[in-house]
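A short write-up of the structure that comes next.
The model shown is predicted, which means the values in this text are computed figures rather than measured ones.
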Amino acid sequence: MGKSKSKTNAMRLLDSEGIPYQVQLYTISDGLIDGVSVAKKVGEDPQFVFKTLVTQGHSGEFYVFVVPVAEALNLKKAATTVSEKKVEMIHVKDIQKHTGYVRGGCSPIGMKKQYRTVIDASARALDHIIVSGGKKGTQIILTVDDLIKAAHADLADITK
């Protein structure tokens, strides 16, 4: 595992709650920051690596969905899970404004505001989960239960 030179909001929140985690660094010099590429870079099976997706519901509320990198968010299932008529992905240019994180470095932990967060139910079968550490080139490895606790998340079937 690599050592992070500086703590991100996600790491500070985990530290403050006494939640154990490992940091794994990867190179972004090739420009590949999609989840499957990141899984390959960190030498992990993509089933353990999850991406963080930010949506806005019909009501105007924002929601965070955490799904395996090789899967797609099912917007209908996601909307039903959060009791919305529909949810839509927010525009990439709006990610930092709403989360404090940039595309490719958006962690479900430590956003500038706590949004309702749902992790795909497939995570329940895993002994660990890997999510963005809060900046490009940084991943966090922790248990699924610890991610649920840190992100104040629920589990639901939200992939296609």
Side-chain angles (χ1 to χ4, degrees), residues 1-4 6-26 33-57 61-75 77-83 87 89-90 95-96 98-160:
M1 299 295 147
K3 294 280 186 217
S4 178
S6 62
K7 298 273 182 170
T8 64
N9 284 346
M11 292 174 208
R12 283 190 284 277
L13 187 140
L14 291 169
D15 289 345
S16 73
E17 294 192 15
I19 296 174
Y21 63 95
Q22 292 176 296
V23 175
Q24 196 160 36
L25 304 177
Y26 64 92
I33 58 170
D34 65 279
V36 175
S37 295
V38 170
K40 286 179 185 168
K41 288 178 182 188
V42 297
E44 280 282 349
D45 184 320
Q47 75 169 338
F48 292 99
V49 183
F50 282 56
K51 58 189 170 187
T52 304
L53 304 172
V54 183
T55 66
Q56 187 169 24
E61 291 292 316
F62 291 92
Y63 302 96
V64 176
F65 295 98
V66 183
V67 301
V69 295
E71 301 290 328
L73 177 65
N74 180 314
L75 292 171
K77 287 181 182 179
T80 300
T81 299
V82 295
S83 304
V87 295
M89 298 294 296
I90 67 168
I95 292 173
Q96 189 169 13
H98 296 295
T99 69
Y101 294 125
V102 298
R103 178 182 174 269
C106 187
S107 179
I109 304 164
M111 289 186 180
K112 56 194 223 184
K113 185 176 177 202
Q114 179 63 55
Y115 298 114
R116 177 143 181 222
T117 302
V118 180
I119 302 167
D120 187 63
S122 65
R124 178 48 69 209
L126 304 176
D127 62 352
H128 70 279
I129 190 168
I130 303 168
V131 296
S132 173
K135 66 182 176 184
K136 291 178 187 179
T138 305
Q139 295 289 99
I140 291 177
I141 305 167
L142 67 170
T143 68
V144 174
D145 286 340
D146 283 343
L147 178 60
I148 291 168
K149 178 181 172 187
H152 306 283
D154 297 310
L155 288 176
D157 176 16
I158 54 172
T159 55
K160 299 201 186 252

Check your understanding: Please walk me through it: do Leu142 and Leu14 pass side chain to side chain contact (heavy atoms under 4.5 Å, CB included)?
Key -> CA-CA 10 Å; Leu142 67 170; Leu14 291 169; 4.1 Å; yes
Review point. Hey, is NZ on Lys40 packed in by over 12 heavy atoms from elsewhere, all under 6.0 Å?
Key: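 12 or below, so no.
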Closest non-hydrogen atom pair between [X] and [Y], with its separation:
X	Y	result
Phe50	Ala123	CZ-CB, 3.9 Å
Lys112	His98	CG-O, 3.8 Å
Pro68	Ser122	CG-OG, 3.5 Å
Ala78	Val87	CB-CG2, 4.0 Å
Tyr21	Met11	OH-CB, 3.3 Å
Ser132	Gly105	OG-C, 3.2 Å

Could you measure the distance from the [atom1] atom of [X] to the [atom2] atom of [Y]? Nearest 0.5 Å is fine.
X	Y	atom1	atom2	answer
Thr159	Asp157	OG1	CG	5.5 Å
Tyr101	Met111	OH	CE	7.5 Å
Glu71	Asp120	CD	CG	7.0 Å
Leu25	Thr138	CG	OG1	5.0 Å
Glu44	Ile129	CD	CD1	11.5 Å

Exercise for review: Could I get the full list of side-chain contact (heavy atoms from CB on, under 4.5 Å) partners for Ala121, not counting sequence neighbours?
Suggested key: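 In terms of side-chain contact (heavy atoms from CB on, under 4.5 Å), with neighbours along the sequence ignored, Ala121 is linked to no residue.
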Point to revise | Pairs where residues 122-134 contributes a residue and the test salt bridge (Lys or Arg N to Asp or Glu O under 4.0 Å) is met, not counting sequence neighbours | key: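 Applying salt bridge (Lys or Arg N to Asp or Glu O under 4.0 Å) to every pair that reaches into residues 122-134, excluding sequence neighbours, yields Arg124-Asp145.
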